[in-house]
Amino acid sequence: MADDSKPLNFIQQTINSDLEAGLVDKVVTRFPPEPNGYLHIGHAKSICLNFGLAEQYGGDCHLRFDDTNPEKEEDEYVQAIIEDVQWLGFQWSGEIRYASDYFGQLYEWAQYLIREGKAYVCELNAEQMREYRGTLTEPGKNSPFRDRPVEESLTLLEYMKNGDVDEGLMTLRAKIDMASPNVSLRDPVMYRIKKVPHHRTGDAWNIYPAYDFAHGQEDAIEGVTHSVCTLEFASNRPLYNWFIENLPVPSTPHQYEFGRLNLNYSVTSKRKLKQLVDEGHVDGWNDPRMPTISGMRRRGVPAVSIRNFCDSLAVSKTDGMVDMSQLEHFIRDELNTNAPRAMTVLRPLKVVITNLPEDHLEQLIAPSHPTQHPNLDMGDRTLPFTREIYIDQDDFKEEYSKKFKKKLTPGKRIRLRNGYVIEADDYVKNEAGEVVQVNASLVPDTLGKDPADEIKPKGVVHWVSVQHSVDCDIYMYDRLFSDPLPDAGDKSFLDGINPESLQVLTGCKAELSLADATESTTYQFEREGYFCRDSKNGCKDSQNSSPDKLVFNQTIALRSAWAEAGS
RNA sequence: UGGGGUGUGGCCAAGCGGUUAAGGCAGCGGCUUUUGAUGCCGCCAUUCGGAGGUUCGAGUCCUCCCACCCCAGCCA
């Protein structure tokens with residue numbers, strides 16, 4: 001039985017009644033990606049649903065590649081999909097399956113249907129077939145080849161298989177009903193000729209089964225009980241059932257459709273994502289701005305955030321548009337509790353603490369996480385504190401104002417995070433009029449306590465030692481699309497691309513402990529956001545990359561109740 | 001104008017005829033805070049696409065209407 005702390009979705013309700021009625025005794029589901037692109041957040045919902053169902057009911061979930069169209073499928077995608085599913089934290093039952101494992105069986109069943117008088121080889125070309133199919137409001141008409149002798153179809157199918165027929169000349173069609181109001185029942189194509197090598201079967205086949213003739217039978221072969229797919233397949237269900245009913249399949253799976261995930265400010269269509277990659281709008285399928293699993297991983301989004309997000313989504317038949325902020329919530333939620341803290345100055349401004357000796361070096365102790373949870377004690381780190389430090393340019397203002405009360409301004413105090421209170425005395429500008437150095441004095445005896453004179457600093461600022469810090473580049477990301485609905489209307493989704501979705505910051509100064517950061521840890525750079533070391537060491541402008549260069553991707557910003565000056 | 005599906009606050013969504021229509025996200029106030037983060041407290045649908053009807057009682061049942069999504073690939 002499923003967890004009853006949450007209301008059951010309609011699929012769980014169905015499973016419960018199937019179980020009670022004794023219709024099934026073990027739940028078997030499957031995640032059936034076509035290896036024609038990388039997995040995205042929409043697939044994550046399906047993965048969490050299918051693997052989740054199997055887990056909840058003590059059943060199995062298969063990973064099966066639906067590789068029935070060699071023109072679009074590649075092994076690279078197979079490998080990427082496997083990696084993504086595993087990274088998300090799921091393990092399939094048994095071996096990885098492939099539709100292509102069943103090509104032989106499918107072929108036999110095609111012959112069976114021909115012998116039963118329920119399938120025939122049709123010689124209508126694509127255009128003719130469209131004409132014969134009719135329209136949504138008018139019935140189609142029968143193909144002139146519909147009633148050809150069984151033996152003839154059998155022979156012709158053999159020819160098709162052996163490569164003796166050119167592409168487009170013949171198809172194998174199911175004989176159902178050309179007048180059906182459901183267009184997918186108007187003698188659908190079961191096999192088409194494609195003289196294209198397949199990533200697994202090579203050139204063994206010259207014909208490949210169409211989705212409708214393959215999917216349900218694959219489910220039946222594997223003993224899948226609940227075949228969950230998205231809404232657009234609802235009108236295919238009668239056809240799915242027709243094959244199951246008319247073939248000697250070993251089991252009777254059932255198809256259920258749920259609403260696919262749509263996210264605003266995003267596209268979740270493999271075709272469009274591929275276009276972004278192919279046309280160079282992004283740095284590959286795993287560009288951190290992509291809504292792909294690999295893109296989010298590279299950006300530092302934890303797998304558990306994606307799972308929690310997916311689990312929060314309703315499994316229903318409404319096709320809604322989920323707010324990006326809902327995904328972001330689960331990213332921040334996880335990272336806030338589990339990301340180690342560090343300090344990195346994005347736009348360095350040197351501060352000289354003039355009442356400290358030149359060679360002052362003090363090791364300050366800072367917790368790696370602010371809440372030292374008993375189960376989550378990340379320990380401490382040391383922060384070298386010296387006479388010269390960097391703070392962010394934005395944390396110093398020449399003029400004090402109430403708005404800047406939490407920033408460092410001349411004559412005012414600020415607390416250095418995990419350190420002392422300092423007071424700004426004066427500052428130096430360059431020819432361009434930019435502040436390039438601030439001279440300050442340390443307020444003594446303020447480590448872990450307020451100043452003795454009780455003039456408490458209003459703000460806290462992160463910092464890093466000039467001598468004891470490491471250089472890095474930081475890639476700041478904004479949403480890939482500025483258009484909340486890039487898919488809507490008849491404009492091109494490319495028009496919705498945000499030209500400022502990537503901003504590269506160079507010469508950033510990171511706390512020393514970050515020098516050996518790995519791509520699998522996402523940090524909170526305090527007061528700045530969450531960041532993760534880039535696995536590719538730079539993106540887009542790879543000339544900037546060197547193997548030992550430190551590059552961080554911004555995973556997501558901290559929430560902020562404070563509007564920046566000028567904005 | 002065929003068939004299939006869906007309509008509950010800005011977004012997602014529970015609700016399966018009977019107290020004042022859950023919850024999450026977003027937003028807005030306030031408190032706490034060595035992250036303007038986190039945390040905590042409070043506010044946020046006289047109303048369930050619309051109109052009729054059944055009923056002592058309807059978001060939940062019936063009728064009609066409206067809107068939106070999917071289907072006419074030898075894609076999946």
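Below, chains carry the letters A, B, ... as their sequence lines are ordered, and counting in each starts from 1.
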Inset, instruction - Decide yes or no on side-chain hydrogen bond (donor to acceptor under 3.5 Å, both in side chains) for A:Glu218 and A:Tyr98, but give the supporting numbers first. - result: CA-CA 9 Å; A:Glu218 295 161 14; A:Tyr98 296 84; over 6 Å; no
Legend entry - RNA chain B base-pair string [pairs: Watson-Crick or G-U under 3.5 Å; |: paired with another strand]: .(((((((.[[[..)..(....]]].(((((.......))))).....[[[[[..)....]]]]])))))).....
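At a threshold of 4.0 angstrom between heavy atoms, the contacts of A:Asn264 with the nucleic acid are absent. No contact: A:Asn36 has no heavy atom under 4.0 Å from any strand. When heavy atoms are screened at a 4.0 angstrom cut-off, A:Leu124 is found touching base atoms of the nucleic acid. A:Thr68 comes within 4.0 angstrom of the backbone, heavy atoms only, and of no base. Within the nucleic acid shown, A:Gly320 comes within 4.0 Å of sugar-phosphate atoms alone, with no base atom in reach, counting heavy atoms only. Across all strands, A:Met343 comes closer than 4.0 Å to no nucleic acid atom at all (heavy-atom distances). Nucleic acid contact for A:Ser316: sugar-phosphate only, since backbone atoms but no base atoms lie under 4.0 Å from a heavy atom of the residue. Looking at heavy-atom distances under 4.0 Å, A:Tyr191 makes no contact with the nucleic acid at all.
The side-chain contact (heavy atoms from CB on, under 4.5 Å) check on A:Arg332 picks up A:Glu328, A:Ile556, A:Arg559, with sequence neighbours excluded. Partners of A:Glu127 under the side-chain contact (heavy atoms from CB on, under 4.5 Å) rule, at least two apart in sequence or in another chain, are A:Asn125, A:Arg130, A:Glu131. Residues that satisfy the side-chain contact (heavy atoms from CB on, under 4.5 Å) test with A:Cys532, not counting sequence neighbours, are A:Thr522, A:Thr555. Partners of A:Asp75 by side-chain hydrogen bond (donor to acceptor under 3.5 Å, both in side chains), not counting sequence neighbours, listed by chain and number: A:Gln79. For A:Asn36, the side-chain contact (heavy atoms from CB on, under 4.5 Å) criterion is met by A:Glu34, A:Lys72, A:Glu73, A:Lys270, not counting sequence neighbours. Looking at residues two or more places apart in sequence or on another chain, you find a ring pair (Phe, Tyr, Trp, His ring centres under 6.0 Å) between A:Phe243 and A:Phe213.
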Mind listing the N/O atom pairs, protein and nucleotides 16-20 of chain B, below 3.5 Å?
from: B:C16; atom 1: N4; to: A:Gln13; atom 2: NE2; distance (Å): 3.1

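Taking syn as a glycosidic angle within 90° of 0, B:G36 does not qualify and is anti.
Judged by distance alone, the side chains of A:Arg341 and A:His462 never bring a donor and an acceptor atom under 3.5 Å apart.
The two residues A:Phe309 and A:Phe330 come nearest to each other via the heavy atoms CA-CD1, 3.7 Å. Smallest separation of non-hydrogen atoms from A:Gly216 and A:Ile244: O-CD1, 3.5 Å.
Counting only residues at least two apart or in different chains, side chain to side chain donor-acceptor pair (under 3.5 Å) contacts with residues 259-268 of chain A comprise A:Glu232-A:Arg260. Every pair passing salt bridge (Lys or Arg N to Asp or Glu O under 4.0 Å) that includes a residue from residues 187-198 of chain A is listed here, sequence neighbours excluded: A:Glu71-A:Lys194, A:Arg146-A:Asp187, A:Asp166-A:Lys195.
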Inset, instruction - Mark up nucleotides 5-10 of chain B, 5' to 3', with B wherever a protein heavy atom is under 4.0 angstrom from a base atom, S wherever such an atom reaches only the sugar-phosphate, and - elsewhere. - result: SSS---
Inset, instruction - Determine, for nucleotides 31-42 of chain B in 5'-to-3' order, which nucleotides have protein heavy atoms under 4.0 Å from the base (write B), from only the sugar-phosphate (write S), or from neither (write -). - result: ---BBBSS----
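Under the 30°/60° scheme for interplanar angles, the aromatic rings of A:Tyr211 and A:Phe233 are found to be tilted.
At the phosphate of B:C75, OP1 or OP2 sits under 4.0 Å from a side-chain N or O atom of A:Lys194. A sub-4.0 Å separation between OP1 or OP2 of B:C71 and a side-chain N or O of A:Arg133 is absent.
Rounded to whole angstrom, the span from the CZ atom of A:Phe330 across to the P atom of B:C12 amounts to 15 Å.
Between A:Val315 and A:Val228, every side-chain heavy-atom pair lies at or beyond the 4.5 Å cut-off.
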